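Values below: all heavy atoms of this structure, side chains included; hydrogens, waters and symmetry mates excluded. As the structure is a prediction and not an experimental result, all values here were calculated from the model. Just so we're on the same page: letters track the sequence lines, and every chain starts at 1.
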There are 2 protein chains.
Amino acid sequence: MAERRTATIKDVAAAAGVGIATVSRVFSGTGSVGAATRERVLAAARELDYRPSALGRGLKTRRSGGIGLIVPDVTDPFCAELVAGVLACARTLGEHVIVDAAHGDPAREAEILDRLVEQRVDGVIALPAGRAADWRAAARVCSSVVFADRVLPGLEEVPSVLADDAGGVRSLVEYLVGLGHRRIGFLGAAAAGAAPGVRERAFRDTLGQLRVPVDEDLVVAARPARDAAYAAAAGLLQRRADVTAVLAAGHLLGEAAVLVARELDLRVPADVSIAMVDDVAWAELCDPPLTAVARPARDIGYRACELLLRDRARRGRGGPVVLPTELVVRGSCGALRAARPRPGVR
Amino acid sequence: MAERRTATIKDVAAAAGVGIATVSRVFSGTGSVGAATRERVLAAARELDYRPSALGRGLKTRRSGGIGLIVPDVTDPFCAELVAGVLACARTLGEHVIVDAAHGDPAREAEILDRLVEQRVDGVIALPAGRAADWRAAARVCSSVVFADRVLPGLEEVPSVLADDAGGVRSLVEYLVGLGHRRIGFLGAAAAGAAPGVRERAFRDTLGQLRVPVDEDLVVAARPARDAAYAAAAGLLQRRADVTAVLAAGHLLGEAAVLVARELDLRVPADVSIAMVDDVAWAELCDPPLTAVARPARDIGYRACELLLRDRARRGRGGPVVLPTELVVRGSCGALRAARPRPGVR
DNA sequence: CCCTCCCCTGGAAACGATTCCATGCGCTTT
DNA sequence: AAAGCGCATGGAATCGTTTCCAGGGGAGGG
């Protein structure tokens, strides 16, 4: 009754009156086993509640059958969707997924990576935050790495799956300019001195192509955190009552823009148009619903996992896999009307 | 240069000129090692990029150093928050977390559980969906299980961490009744024939205590999925133009209620008040912001993990751990005014 | 000065699986 | 009928650790 330990392959072999090699063959599917014998083994296993141990197998095969996934934050809707994509793909390929959140901290990311290497995962998918050196070291020791959603400067040789952020921002800018907007605020630039991100560059480039001058005062930096986002949005909208549209480079920034606009009693889109990158669930629940660029988070995760586990051969060739974005027009952006004085801002 | 394989403890031992037992002692921290020897071992390990293999260690110690986490859906904000809590706690205890999503499918859940047992996880945390039998079997073979957010009927012996859903719903009902509402719709009842959930029971009980009759026609069932939620909300609001408030038993149902109300041109809260269980991010972004009951998702995850890994002794005693909820009043519920005919519904 | 005790240390046996290799048997082929 | 082939099977080595056990050597006390 009281089984002292979980049954091992040896117990099953003894119970079925066969050698352990035969039991192994039955469970791993390799080699050939007589039908009667197989049945006897399975019966014994069922009787003993036997489950092959992944540790024993992994030791021998030198693969753990799992992959690691490092995201900045699992509660972020974009990340969550990406995780779901990875899980979906991993499931079809029979691998499990060790997930952890680095919260944008390079040290933490390195720690997690270390742990994953120790676990001998078959590969790692990451939205990297940290130091290129850590990743270079890991790539040397560990199996294989795929970056998702973003890359690390200096590590272009690591295969990656990205959204076409530049294209998304471009379509957004074209849309806003098409509506007549000229003074467009950009929330989410890089800190002064840091290299501008893909989205900021796309914003500047597209405005340039459309012959709209870039007002540096309207391009405001913000870390991807709620407080920083709110501060940035509040700063922009209070400082410059003349902006007619705000382009938020992420959903946190979009959220901040919406809240600040409400705080300042600005009507959307009558007083200010708002649009953002990342079509998260609440965009549709907003009033008015928010125009956004949808990035295929789930597909990114799925493709990254495929790239990691299935397309090992094709990997790394031809640069990053880029998936298209889609402009979802809702009601938060309006055509520019004759300038109307805003209610008492400042 | 080209290392053919990742270094093993044997390689390090050879390089450092010591026995493998000594290397093991250095890395596992057990036993005593001379300072000079330790330094030599560490140097050799660094040189060879050695990382102890969790597979070898796990085989010997019969613990993998990881736990499993089964949620219905990682993209659900509540689940995501709970996952974050588990990750935070697991991190402090030095365990990794294998996450998977069962999507409410018992078969899938059983599969995942099987896989986790195979991986020899040190324990499993689950928001269970499935058959009690599977869990009973797993609990026998595998280490230990903790349920989070919900329990399975017939498995009360499994330790669990829950939110005080009943209390949350009660406070919501009291709030709505206090505002004067009498015809309150409840979205998210159990299907006809199924046992009513905690929230539905709390809804009925509280109304009873407040001497408000329960109109069965206003208690509508819905599976926790977007389409079902929308159908339920649309059905309720179209069928009964006389409901003055809607209590949604989950954020998906709340979302549906908001969208349907907008669709029907009902003003919130003038024509209908809306409140829901689960204070997700968009509740504040809504216009008007939604009154909701906040459930401590992150704490639930954290406590569940603690219970699983740290409080093994205390586990199972004294029934489920119940964490308090909090009523967050925003602008979506108003005092009942004189009945006013609604614009052309039906 | 010798005996003890303790601290380091190395050898070797697990842990639970996979897999190579050898063996025995029944069947076809010449 | 003998040889040969292939399938089914068991034994044993191996994967990378931990850990028990025993041995060697230095220090301190009698």
Any base atoms under 4.0 Å from A/Gly17, or only sugar-phosphate, or nothing? Heavy atoms, all strands. sugar-phosphate
Do any N or O atoms from the side chain of B/Asp11 and from the backbone of B/Thr8 form a donor-acceptor pair under 3.5 angstrom? yes
Quick one: does A/Pro128's side chain get under 4.5 Å of A/Val151's, heavy atoms only? no
How far apart are the C-alpha atoms of B/Arg295 and B/Asp149, what are their side-chain angles, what is the distance that settles it, and do they pass the salt bridge (Lys or Arg N to Asp or Glu O under 4.0 Å) test? CA-CA 10 Å; B/Arg295 302 192 301 153; B/Asp149 181 51; 2.9 Å; yes
A/Arg63 CZ to C/dT19 P: how many Å, rounded? 11 Å
What nitrogen or oxygen pairs link the protein and nucleotides 16-26 of chain D at under 3.5 Å?
residue : atom : partner : partner atom : Å
D/dG16  : OP1  : A/Arg62 : NH2          : 2.5
D/dG16  : N2   : B/Gly56 : O            : 3.3
D/dT17  : OP1  : B/Tyr50 : OH           : 3.1
D/dT17  : OP1  : B/Ser53 : N            : 2.8
D/dT17  : OP2  : B/Ile9  : N            : 2.7
D/dT17  : OP2  : B/Tyr50 : OH           : 3.4
D/dT17  : O5'  : B/Tyr50 : OH           : 3.4
D/dT17  : O5'  : B/Ser53 : N            : 3.4
D/dT18  : OP1  : B/Arg57 : NE           : 3.2
D/dT18  : OP2  : B/Ser24 : OG           : 2.4

Would you check if B/Trp135 and B/Val158 make a side-chain contact, meaning some heavy-atom pair closer than 4.5 Å? no
Please assess A/Arg63 against A/Glu95 for the test salt bridge (Lys or Arg N to Asp or Glu O under 4.0 Å), listing each intermediate value before the final yes or no. CA-CA 11 Å; A/Arg63 307 185 57 240; A/Glu95 302 246 338; 3.4 Å; yes
Looking at A/Asp100, A/Ile67, A/Val121, which hits side chain to side chain contact (heavy atoms under 4.5 Å, CB included) with A/Leu116? A/Val121
Please state whether the phosphate of C/dC7, meaning OP1 or OP2, lies under 4.0 angstrom from any side-chain nitrogen or oxygen of B/Ser32. no
Taken to the nearest whole Å, CZ/A/Arg38 to P/D/dC7 is 14 Å
